[in-house]
K.L.:
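Handing you this structure, nothing more for now.
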Amino acid sequence: MKAGVLQAMLRDLPMAPLSAIAPGTTLILAPHADDESLGCGGLIAACCAAGRPPVVVVLTDGVGSHPHSHAWPAPRLRAQRQHEALHAASCLGLVPERLIFLNLPDTRVPHEGVMFEQVVRELARLAESHGCAVVLAPWWADPHCDHEAAWKMAVALRQASGLRVLAYPVWGWLIPAETEVDHERPTGMRLDIAPYRAAKARAVGMYESQYGTLITDDPTGFTLPEELLETLITDFEVFVDP
């Protein structure tokens, strides 16, 4: 299937109420601080407004975005990414206690092995302690190693704890339209987030280190693509069945 066809199918998934996508308390896996706002910001705001805030777990320390900056060495950048995440969460109505940082190495989240199993056990503990029924994780078709690892963790968590899993696309939206992707016709739901679109935009805007203006001494530094922002800051979010 061509990526453009798949992306069009995702945009055409049926609308569903919040209760159908995220009943009870939801556990959200974010590979990096900003993925939760980009992929699920509207849902987070909707859940908080409904009185059942999710638990958001940021897997990595985020320092891989600017590896060659002298002004922003890893400890300073790690602190900045967490600071930004806390402000983004506040924009969505999420209290700091519901935001958890695991500080795994950016771009090196394990896909298997001892550390992978340790993280899955910690996620299972968090899900149980907060009474979570659903896990949201990045789409398995997102072309990023940390996103793929997060999806694998969600699958392992489902196998261990029986939790329902849904996927939210981030980088999969930018796969070139003519690229062949190994994917069947998707099923899932869209959530109308029009009432929370402005809050989501504010949350994404809190990640100033990712816009290319705060950290200026690393020519290889990451910048959020405008095309991605235009695609994700809209009136709906997509949640795909496994």
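Small disclaimer: the values here were computed from a predicted structure and weren't measured.
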K.L.:
Check whether any side-chain N or O of Ser37 sits under 3.5 Å from a backbone N or O of Asp34 as a donor-acceptor pair, and report yes or no.
P.N.:
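No, the answer is negative, given that no donor and acceptor are paired below the 3.5 Å cut-off.
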K.L.:
Just how far is it from atom CD of Glu36 to atom CG of Leu92, taken to the nearest 0.5 Å?
P.N.:
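So the gap between those two atoms works out to 7.5 Å.
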K.L.:
Just wondering, more than 12 heavy atoms not from Met1 lying within 6.0 Å of its CE?
P.N.:
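Check passes, neighbour count above 12.
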K.L.:
Just by distance, do the side chain of Arg190 and the backbone of Met15 share a donor-acceptor pair under 3.5 Å?
P.N.:
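Judged by distance alone, no pair lies under 3.5 Å.
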K.L.:
Below 4.5 Å, heavy atoms only, C-beta onward: do Cys132 and Leu126 meet side chain to side chain?
P.N.:
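With C-beta onward as the side chain, the pair stays apart.
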K.L.:
Output, in order, the C-alpha distance, side-chain angles, deciding distance and verdict of side chain to side chain contact (heavy atoms under 4.5 Å, CB included) for Val134 and Ile21.
P.N.:
CA-CA 8 Å; Val134 180; Ile21 299 171; over 6 Å; no
K.L.:
Whether Arg125 and Glu122 form a salt bridge (side-chain N of Lys/Arg under 4.0 Å from carboxylate O of Asp/Glu) is what I want to check.
P.N.:
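Here Glu122 pairs with Arg125 in a salt bridge, since their nearest N and O are under 4.0 Å apart.
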K.L.:
Looking at every heavy atom in both Pro54 and Leu94, which two are closest together, and how far apart are they?
P.N.:
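Looking at all heavy atoms of both residues, the shortest contact is O-CD1, 3.4 Å.
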K.L.:
With heavy-atom distances below 4.5 Å as the criterion, would you say the side chains of Leu18 and Cys47 are in contact?
P.N.:
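Side chain of Leu18 against side chain of Cys47, heavy atoms only: contact under 4.5 Å found.
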K.L.:
More than 12 foreign heavy atoms under 6.0 Å from CD of Glu128: is that the case here?
P.N.:
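No, the 6.0 Å shell around CD holds no more than 12 heavy atoms from other groups.
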K.L.:
Does the side chain of Asp35 reach to within under 4.5 Å of the side chain of Val58, using non-hydrogen atoms?
P.N.:
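No - every pair of side-chain heavy atoms lies 4.5 Å or more apart.
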K.L.:
May I ask you to test the Leu29-Trp151 pair for a side-chain heavy-atom distance under 4.5 Å?
P.N.:
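No, too far: nothing below the 4.5 Å cut-off.
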K.L.:
Judged by atom type as modelled, is there a donor-acceptor pair below 3.5 Å linking the side chain of Arg81 to the main-chain atoms of Gly62?
P.N.:
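The answer is yes, because a donor-acceptor pair under 3.5 Å joins these two groups.
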K.L.:
Using the salt bridge (charged side-chain N to carboxylate O under 4.0 Å, His left out) rule, collect all pairs that involve residues 153-164, keeping only residues at least two apart or in two chains.
P.N.:
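As it turns out, there is no salt bridge (charged side-chain N to carboxylate O under 4.0 Å, His left out) pair with a partner in residues 153-164 once direct neighbours are skipped.
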K.L.:
Applying salt bridge (charged side-chain N to carboxylate O under 4.0 Å, His left out) as the test, list every pair that has at least one member in residues 9-28; sequence neighbours left out.
P.N.:
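Not a single pair qualifies under salt bridge (charged side-chain N to carboxylate O under 4.0 Å, His left out).
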K.L.:
Locate the shortest heavy-atom distance separating Pro53 from Arg98; write the atom from each residue and the value.
P.N.:
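Taking Pro53 first and Arg98 second, the nearest heavy atoms are O-NH2, 2.8 Å.
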K.L.:
According to side-chain hydrogen bond (donor to acceptor under 3.5 Å, both in side chains), does anything in residues 222-242 pair up with another residue at least two apart or in another chain? List the pairs.
P.N.:
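Checked against side-chain hydrogen bond (donor to acceptor under 3.5 Å, both in side chains) - neighbours excluded - the pairs reaching residues 222-242 are Thr187-Asp241, Arg197-Asp235, Lys200-Glu237.
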K.L.:
Could you give the distance from CG (Leu123) to CG (Leu59), rounded to the nearest 0.5 Å?
P.N.:
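Atom-to-atom, Leu123:CG and Leu59:CG are 6.5 Å apart.
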K.L.:
Are the side chain of Asp217 and the backbone of Ala71 linked by a donor-acceptor contact shorter than 3.5 Å?
P.N.:
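Yes.
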K.L.:
Quick one, Pro110 and Met153 - any side-chain contact, counting heavy atoms below 4.5 Å?
P.N.:
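Side-chain contact under 4.5 Å: yes.
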K.L.:
So Asp61 and Gln82, side-chain hydrogen bond (donor to acceptor under 3.5 Å, both in side chains) or not? Walk me through it.
P.N.:
CA-CA 8 Å; Asp61 57 13; Gln82 292 190 8; over 6 Å; no
K.L.:
Determine whether Ser65 and Leu77 make a side-chain contact, defined as any pair of heavy atoms from C-beta on separated by less than 4.5 Å.
P.N.:
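Side-chain contact under 4.5 Å: yes.
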K.L.:
Could you note down all residue pairs passing ring-ring contact (aromatic ring centres under 6.0 Å, His included) where residues 28-61 supplies at least one of them, sequence neighbours left out?
P.N.:
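As it turns out, the ring-ring contact (aromatic ring centres under 6.0 Å, His included) pairs with a partner in residues 28-61, which skip direct neighbours, are His32-His144, His32-His147.
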K.L.:
Has Glu84 got a side-chain atom pairing as donor or acceptor with Ser209's backbone, closer than 3.5 angstrom?
P.N.:
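Yes, the answer is positive, given that a donor and an acceptor are paired below the 3.5 Å cut-off.
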K.L.:
Looking only at heavy atoms, which two atoms of Pro186 and Met9 are closest? And how far apart?
P.N.:
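So the minimum-distance heavy-atom pair works out to CD-SD, 3.6 Å.
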K.L.:
Where is the tightest heavy-atom contact between Thr60 and Asp106, given as atom of each residue plus distance?
P.N.:
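Answer, listing the atom of Thr60 first, then Asp106: CB-CA, 3.9 Å.
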K.L.:
Under 4.5 Å between any side-chain heavy atoms of Val238 and Leu13, yes or no?
P.N.:
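They are in contact (side-chain heavy atoms under 4.5 Å apart), so the answer is yes.
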K.L.:
Could you tell me which non-hydrogen atom of Gly172 sits nearest to which non-hydrogen atom of Gln7, and how far apart they are?
P.N.:
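Closest heavy-atom pair between Gly172 and Gln7: O-NE2, 3.0 Å.
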K.L.:
Is Ile28 close to Ile44 at the side-chain level, that is, under 4.5 Å between some pair of heavy atoms?
P.N.:
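A side-chain contact exists here, since the closest heavy-atom pair is under 4.5 Å.
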K.L.:
Determine, step by step, whether His66 and Trp72 satisfy the side chain to side chain contact (heavy atoms under 4.5 Å, CB included) criterion, reporting the C-alpha distance in whole Å, the side-chain angles of both residues, the deciding distance to 0.1 Å, and the verdict.
P.N.:
CA-CA 8 Å; His66 295 80; Trp72 291 84; 5.7 Å; no
K.L.:
Under the ring-ring contact (aromatic ring centres under 6.0 Å, His included) rule, what pairs show up with a residue in residues 181-208, not counting sequence neighbours?
P.N.:
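Listed once each, the pairs are Trp139-His183, Trp140-His183.
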K.L.:
Can you list every pair that meets side-chain hydrogen bond (donor to acceptor under 3.5 Å, both in side chains) and has a residue in residues 166-182, with sequence neighbours left out?
P.N.:
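Checked against side-chain hydrogen bond (donor to acceptor under 3.5 Å, both in side chains) - neighbours excluded - the pairs reaching residues 166-182 are Lys2-Glu180.
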K.L.:
Begin with the C-alpha distance, continue with both residues' side-chain angles, and end with the deciding distance and a verdict on side chain to side chain contact (heavy atoms under 4.5 Å, CB included) for Met206 and His83.
P.N.:
CA-CA 9 Å; Met206 290 297 105; His83 175 79; over 6 Å; no
K.L.:
Looking at every non-hydrogen atom in both residues, tell me the closest pair between Leu86 and Pro96 and how far apart they are.
P.N.:
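Minimum heavy-atom contact is CD2-CB, 3.9 Å.
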